[in-house]
Amino acid sequence: MESQYQPRAIEPQVQKQWADTRAFVAPDASPKPKYYCVSMLPYPSGKLHMGHVRNYTINDALYHFMRMKGFNVLMPMGWDAFGLPAENAAMANGVPPGQWTRDNIAYMKKQCQAMGWAIDWTRELATCSPDYYRWNQWFFLRLWEKGLVYKKTGTVNWDPVDMTVLANEQVIDGRGWRTGAVVEKREIPMWYMRITQYADELVDSLDGLGWPEQVKQMQRNWIGRSYGVEFTLPYDEMTAKRMNDGKQGLVVFTTRADTIMGITFAAVAAEHPLAAEAAKTNPKLAAFLEECKLGGVQEADLATQEKKGLPTGLFVTHPFTKEKVEVWVGNYVLMSYGSGAVMAVPGHDERDFAFAKQYGLEIKPVIDVGGQQYSTDAWQPRYEQRGVNVNSGKYNGLSFDAAIDAVAKDLEALGLGKKRVQYRLRDWGISRQRYWGTPIPIVQCARCGDVAVPDDQLPVVLPDNLVPDGSGSPLAKTPSFFETRCPKCHGPARRDTDTMDTFVDSSWYFLRYTCPGAPSMVDERAQYWAPLDMYIGGIEHAILHLLYARFWTKAMRDLGLAKIDEPFTNLLTQGMVLNHIFSRRTDKGGIEYFAPEELDITADEEGKVQGATARKDGKPVSYDGIGTMSKSKRNGVDPQDMIERYGADTARFYVMQASPPTDTVLWSDESVEGSFKFLRRLWTMVHDHVSAGIVPRYANGELNKELRDLRFKLHRTIDKVADDYGRRMQFNTAIAAVREMLNLYTDMKDRSPVARAVAQEVLEDAVLLLSPIVPHAASALWSELRPGTALLEQPWPAVDASALVQDTIALVVQVNGKLRGHLDVPASASREQVEAMALADVTVQKFLEGKTPKKIIVVPGRLVNIVV
RNA sequence: GCGAGAGUGGCGGAAUUGGUAGACGCACUGGAUUUAGGUUCCAGCGCCGAAAGGCAUGUGGGUUCGAGUCCCUCCUUUCGCACCA
């Protein structure tokens with residue numbers, strides 16, 4: 001056996017052995033129970049980053065653990081290969097996105113292999129391959145047939161200089177990131193998927209999932225199912241004439257119909273038809289509507305902007321009092337939620353209150369606010385609480401539920417409204433005016449309208465050799481792509497040049513892994529592996545990706561393609577890996593990010609970053625704080641250096657011992673060395689033992705206390721590590737437990753034959769316990785401890801119950817809740833005996849100061865607390 | 001702005017069900033080994049205090065025999081907000 005730990009020699013050798021034996025190729029049938037664990041597929045941005053290392057190492061550790069526990073385990077891998085960065089790289093370097101993407105995949109695949117992850121590469125897929133995205137197109141058409149896909153207009157960010165649609169990420173403070181031009185909102189036709197049709201099921205089936213509670217809560221809130229009343233505020237005579245829209249009035253939805261008597265005005269979004277009508281005769285309002293068009297469409301921006309509004313001069317009438325209520329345009333009303341119009345009750349809604357104060361509108365309290373005086377001077381949170389109606393005519397004295405019931409009944413009698421369920425969730429707009437994505441399989445014919453591309457003409461292949469120039473999609477400028485004939489009338493027609501949102505690609509790839517090469521979307525192999533037993537990925541995907549994938553799976557089920565209701569039985573949301581972010585405004589008003597290694601960074605005495613200068617020009621760069629490692633912000637850390645200096649096992653060990661997987665971590669490369677030292681120490685321990693000759697592991701025989709304690713610790717540790725890996729998924733504490741146990745082992749003085757047998761047992765089991773995290777080193781060490789056997793064939797070590805039997809238990813003694821002493825009591829001691837022993841303790845006596853105990857609390861196996 | 005998290009030594013973190021706060025490491029300090037650097041080994045390491053002991057888990061309050069853990073307040077910070085993936 002080598003006396004030195006040499007990962008660079010061991011790792012390629014072990015990896016070759018795995019490849020030669022096809023060790024990680026999972027059969028599609030087995031007498032063993034299946035365990036399907038998947039990590040969210042990476043975007044091939046160029047290199048792996050630490051987030052990937054964390055993600056796939058967690059998955060890999062679970063793979064090995066479950067395999068040792070007797071499961072048929074599958075861990076696949078693929079590439080989320082469509083998307084914006086490839087187009088940006090193409091523009092920057094003049095290389096077509098296809099070439100750039102394939103090169104990145106090749107490089108990153110090598111890195112994955114160097115990390116030694118137990119990936120079944122026979123199932124690898126890339127979403128930019130026609131074999132994959134043809135099924136996006138095929139399924140899109142099936143959904144269209146079922147009415148689950150439809151077309152309507154949607155609002156996008158428009159850069160008036162580049163004449164192109166911008167992604168939200170490309171809008172910085174309301175301006176285009178390349179041009180610095182003020183962005184405008186623009187309405188364009190887009191395809192939508194009817195996810196709202198599944199809203200109820202998407203909420204209700206969350207309950208049965210093994211997901212973190214906060215993720216389920218986020219999804220519930222996102223879907224935002226609320227029960228309320230939808231009703232019409234009838235137009236007054238003049239407004240009815242002006243609107244002439246076939247409707248009788250302004251439709252609004254409220255969850256607080258109990259406050260209906262407090263309506264003092266109504267508000268509509270700037271994009272609402274009523275606002276447009278009013279603007280025709282009101283230049284000031286028209287100018288305001290133009291102003292509202294400026295800026296991007298991001299909700300965070302809309303919600304934080306200053307609340308502004310203007311009266312429209314149009315009126316509706318209160319459904320009960322028939323009083324005239326003026327309609328205002330408010331920039332805080334969202335066209336995309338509900339009907340784009342709200343009743344305003346400033347007395348009991350904080351936003352309406354602020355708006356009313358700003359514009360001097362009436363505030364009319366109609367709910368008793370806890371018996372206290374209502375003051376319109378300043379908003380109080382209690383104004384929003386449910387209570388008993390006052391100042392509300394016939395509804396006075398009713399409380400929340402009764403008031404809503406009464407109001408809904410009266411509205412219904414008038415034919416103006418009724419109770420309704422409302423969702424915050426909106427349908428999923430999937431059209432993107434971009435090049436690098438799945439072409440939408442629709443032909444636009446002047447005569448026949450939108451016509452589906454027939455199935456036998458799928459896939460509509462995306463040309464992969466175009467280079468975009470930043471001014472719109474190159475597909476729309478490539479006649480050889482868009483010129484076609486109508487499948488129906490065979491006249492000249494034009495293909496839809498939009499592509500699909502990349503969330504489409506990631507909504508079902510985990511099912512395609514199971515059946516590579518299938519001549520259909522999925523086949524019976526998917527029924528064997530689905531659903532996923534564990535899905536692992538970043539917390540940033542808690543809502544959108546996970547919700548879309550759940551919807552897609554349910555749609556596949558309803559089309560007979562899947563037999564599951566939910567794709568992800570269990571979910572592990574890994575925390576983000578963070579790093580410092582540095583940027584600078586460009587001359588044009590755009591933004592340029594800098595990688596930390598390109599900068600000289602200054603810090604204060606506490607080590608807090610203050611600022612930085614760029615090495616390339618010596619000019620200052622601003623510090624933007626801490627944030628997720630990302631390609632676009634250029635603050636990622638490449639694990640390659642670590643792999644080359646210390647080996648993959650050290651990198652794996654380091655990320656797993658650093659923190660629990662669900663925590664965010666701020667990157668620091670200072671303690672990597674310690675991980676390497678530990679592996680070297682482990683190697684030396686095994687080497688020292690093996691050089692003296694291996695022996696059969698301890699089976700039976702008399703042991704002294706030192707050896708009994710060591711075996712006790714070992715078998716406790718086996719239990720704990722299994723619990724940490726399998727249930728808690730907290731790998732840092734598993735590693736700490738093994739280190740503790742090995743610290744006890746290295747303190748062992750005994751060198752007798754029976755001690756050597758115990759040493760053999762300890763080392764074998766320690767190697768097995770660590771093998772999910774450091775499989776290369778563990779493989780090499782195992783073949784030294786058990787020549788002729790392979791680590792991958794070993795089951796999880798068994799716990800010897802007899803090693804866990806203890807004669808005495810250590811208890812803590814407290815006086816008035818403060819720690820005052822320790823006590824060793826026989827395991828069989830009764831409560832009374834324990835109390836007596838505690839009272840007899842010398843230090844305890846001292847703190848009792850002769851007083852009589854009022855109460856003695858005994859927590860079996862833990863502590864005694866004496867209260868005086 | 002709204003939704004969901006997080007905050008414990010110089011640093012990463014542990015404390016799993018309300019029961020010994022700081023496990024296990026990193027860094028640091030002292031010592032041994034070494035020609036030297038590195039390695040390895042031993043010891044120390046929350047704060048105050050000579051000690052006894054006291055104080056301490058972002059802030060301020062509360063519940064409890066007992067609170068890092070539960071409740072309320074405020075502060076800081078991360079993630080998401082529908083076209084980054």
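Computed from a prediction, not measured in an experiment: that's the story for all the values here. The chains referred to below are lettered A, B, ... by the order of the sequence lines, with proteins before strands, and numbering in each begins at 1.
Heavy atoms of A:Pro660 sit under 4.0 angstrom from primed sugar atoms or phosphate atoms, though from no base atom. A:Arg728 comes within contact range of at least one nucleobase, with a heavy-atom separation under 4.0 Å. Note on A:Met500: nothing from the nucleic acid sits closer than 4.0 angstrom, heavy atoms only. Across all strands, A:Asp723 comes closer than 4.0 Å to base atoms (heavy-atom distances). Base engagement by A:Val156 is indicated by at least one non-hydrogen atom pair under 4.0 Å involving a base atom. Base contact: A:Arg727 has a heavy atom under 4.0 Å from a base atom. Here A:Leu863 lies in heavy-atom contact (under 4.0 Å) with a base. Residue A:Val813 is classed as having no contact, given no heavy-atom separation below 4.0 Å to the nucleic acid. The residue A:Phe678 sits apart from the nucleic acid: no heavy atom pair falls under 4.0 Å. Looking at heavy-atom distances under 4.0 Å, A:Thr733 makes contact with sugar-phosphate atoms alone, never a base.
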- With B for base contact, S for sugar-phosphate-only contact and - for none (protein heavy atoms under 4.0 Å), nucleotides 74-82 of chain B reads ----SSSBB
- Query: Using a cut-off of 4.0 Å between protein heavy atoms and nucleotide atoms, how would you tag nucleotides 48-69 of chain B 5' to 3' with B, S and -?
  - Reply: ----SSSS---------B----
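Put simply, A:Gln730 has a side-chain N or O that comes within less than 4.0 Å of OP1 or OP2 on B:rA14. Contact check, A:Asn732 against B:rA14: a side-chain N or O comes under 4.0 Å of OP1 or OP2. OP1 or OP2 of B:rU40 has at least one side-chain nitrogen or oxygen of A:Arg680 nearer than 4.0 Å.
Checked against A:Tyr535 for a side-chain contact (heavy atoms from CB on, under 4.5 Å), the options A:Thr573, A:Leu572, A:Val38 give a single hit: A:Val38.
Figure legend: cation-pi geometry between A:Arg820 and A:Phe847, with NZ or CZ positioned under 6.0 Å from the six-membered ring centre and within 45° of its axis.
Counting only distance, with no hydrogens or angles, the side chain of A:Ser431 and the backbone of A:Trp191 share a donor-acceptor pair below 3.5 Å.
Taking a pair as Watson-Crick or G-U with both hydrogen-bonding distances under 3.5 Å, the stems of three or more pairs touching RNA chain B are B:1-7 with B:75-81, B:10-12 with B:24-26, B:28-32 with B:40-44, B:46-48 with B:53-55, B:60-62 with B:70-72.
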